[in-house]
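Quick notes on the structure that follows.
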Amino acid sequence: MISVRRSSSQERRIDMATDYAALKKGGFMRQKQKNCFSLRLRVVGGNVTAGQLAKIAEVADEFGDGHVHLTSRQSIEIPFIKLDQIEEVKAALGEGGVEPGVCGPRVRTVTACQGSAICPSGCIDTYSLAKELDDRYFARELPHKFKFGITGCQNNCLKSEENDLGIKGGIRVSWRESDCIGCGVCEKACRTGAITITDGKVSVTADKCNFCGRCVKSCPTDAWDQENGYIVSFGGLFGNHIAKGEPVIPFIADHDTLMRVCDAAIQFFDDNALPGERFKFTIDRVGRESFKNTIMEAYNNG
Amino acid sequence: MADFQITDSIDITDAVCPVTFVRAKVALEELEVGDILSIRLNDGEPVQNVPRSIKEEGHKVLRLTDNGDGTYELIVRKEAE
């Protein structure tokens, strides 16, 4: 029995050893140690259930060396998985609702902060959005890696501008005089000097407002009408080159427009990028104006 | 501006967040529904957080006035749970 197993695993080793790219695509990252792989798991928006964690712990003990690594982008990797146990490991993880992640030239883990479902500062439901983007794009093949990151507010805990496509929650406000008690807290809460109060009337200077929503959140009487929406940035990267993603479109106030913009951005990358070229460099090479026109078209055509 | 029949007053200018809100919450718990509490609190973090937190607890913020000396007076009516 033992000798049969050994020979079949050796055959498998020969088949698979040559195709590291396929393994990488399936989330198995080659380690320095011979025949050992660090298995990256599929995590969405940084959320993992207790049941999944228990299964991950079990697999790390049984097939790894008893530890896991938390990656810089909210995934979990289980190191020291042996090449000939890859299928067993996948099956074991599957029982606990855990899937392998991906690496290589495709859409990577969609990261998110806790957002409005949990955090008092959150302006958007980051997790639902991460789930939706993951369903829509995860592992889509592209000329190079493509990262989405979603942060719930201007505190930017999730560092949205580090990503190829970053989404930041915001609130577009308008003052409702009927409920205002004239306390002036909004003016103090505003960090950009966008709010002025004259003779009891509150006014918001649109080009100073950064949609942080602090006026709304500090208001003791809810005297604001609010539209929760998205500030999107494009072309961020934080590896060998460091660049901050730049916004090219105004505040997005609805979900469907956001999806059209994401579709257009990823399609632009797919159509124009050279192999191994990050989004920022594609935008720079093809031209910011051309990119902006593509995105504005998606923004406007609802 | 209307004057209110103040039931009780507290001064939380010697506290920092989150104790500021806790003191206000405790004071409100000791009142009856409809009673009015006056709270003296500091400018800065307390004035941006305490009124909002009280609103989120379901009470009614009636007035917030700047005393001009780095403190505010917050007038709150206790509401039913």
Side-chain angles (χ1 to χ4, degrees), chain A residues 114-123 125 152-155 157 169-171 173 175-204 208-226 228, chain B residues 1-6 9-10 12-13 15-25 27-28 31 34-79:
Chain A
Q114 286 180 303
S116 63
I118 303 278
C119 176
S121 299
C123 301
D125 185 348
C153 74
Q154 287 287 346
N155 289 335
C157 296
I171 299 178
V173 301
W175 178 58
R176 203 171 53 245
E177 186 169 9
S178 57
D179 290 316
C180 181
I181 56 171
C183 69
V185 165
C186 53
E187 189 181 19
K188 287 177 180 292
C190 179
R191 297 186 182 182
T192 60
I195 293 182
T196 46
I197 304 177
T198 324
D199 300 328
K201 306 258 185 215
V202 175
S203 66
V204 180
K208 284 189 181 173
C209 176
N210 68 349
F211 311 106
C212 73
R214 287 192 169 88
C215 49
V216 171
K217 289 181 185 279
S218 65
C219 179
T221 58
D222 282 330
W224 294 93
D225 290 317
Q226 62 184 87
N228 295 49
Chain B
M1 224 177 272
D3 266 318
F4 301 105
Q5 284 288 333
I6 309 287
S9 299
I10 57 166
I12 55 170
T13 55
V16 293
C17 295
V19 176
T20 44
F21 171 61
V22 173
R23 293 255 297 271
K25 188 172 153 70
L28 279 163
L31 298 181
D35 284 353
I36 292 175
L37 178 68
S38 163
I39 305 163
R40 185 165 174 264
L41 71 169
N42 281 328
D43 197 357
E45 210 181 336
V47 83
Q48 285 176 39
N49 291 324
V50 174
R52 165 181 69 160
S53 300
I54 286 171
K55 172 194 73 182
E56 282 165 3
E57 287 279 305
H59 305 296
K60 175 79 178 167
V61 172
L62 300 172
R63 195 168 74 198
L64 180 63
T65 38
D66 192 338
N67 294 327
D69 61 354
T71 70
Y72 276 78
E73 186 190 31
L74 173 65
I75 309 287
V76 181
R77 185 176 69 220
K78 176 162 175 159
E79 300 292 321

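A note on names: the letters A, B, ... follow the listed sequences, proteins ahead of strands, and every chain is numbered from 1.
Among B:Val50, B:Leu74, B:Asp43, B:Val76, the residue making the largest number of heavy-atom pairs under 4.5 Å with chain A is B:Asp43.
Neither the backbone nor the side chain of B:Ile54 comes within contact range of chain A; no heavy atom of the residue lies under 4.5 Å from a heavy atom of that chain.
Within 6.0 Å of CD on B:Glu56 lie more than 12 heavy atoms contributed by other residues, nucleotides or ligands. Remark: B:Lys55 NZ is packed, more than 12 non-hydrogen atoms of other residues, nucleotides or ligands lying under 6.0 Å away.
Pairing each heavy atom of A:Ile181 with each of B:Val61, the nearest pair is CD1-CG1, 3.8 Å.
Note that CD of B:Gln48 and SG of A:Cys190 are 10.0 Å apart. Values are rounded to the nearest 0.5 Å.
A search for salt bridge (charged side-chain N to carboxylate O under 4.0 Å, His left out) contacts involving A:Asp225 returns A:Arg176, not counting sequence neighbours.
Near-neighbour residues of residues 217-224 of chain A relative to chain B, defined by a heavy atom under 4.5 Å from a heavy atom of that chain, comprise A:Lys217, A:Ser218, A:Cys219, A:Pro220, A:Thr221, A:Asp222.
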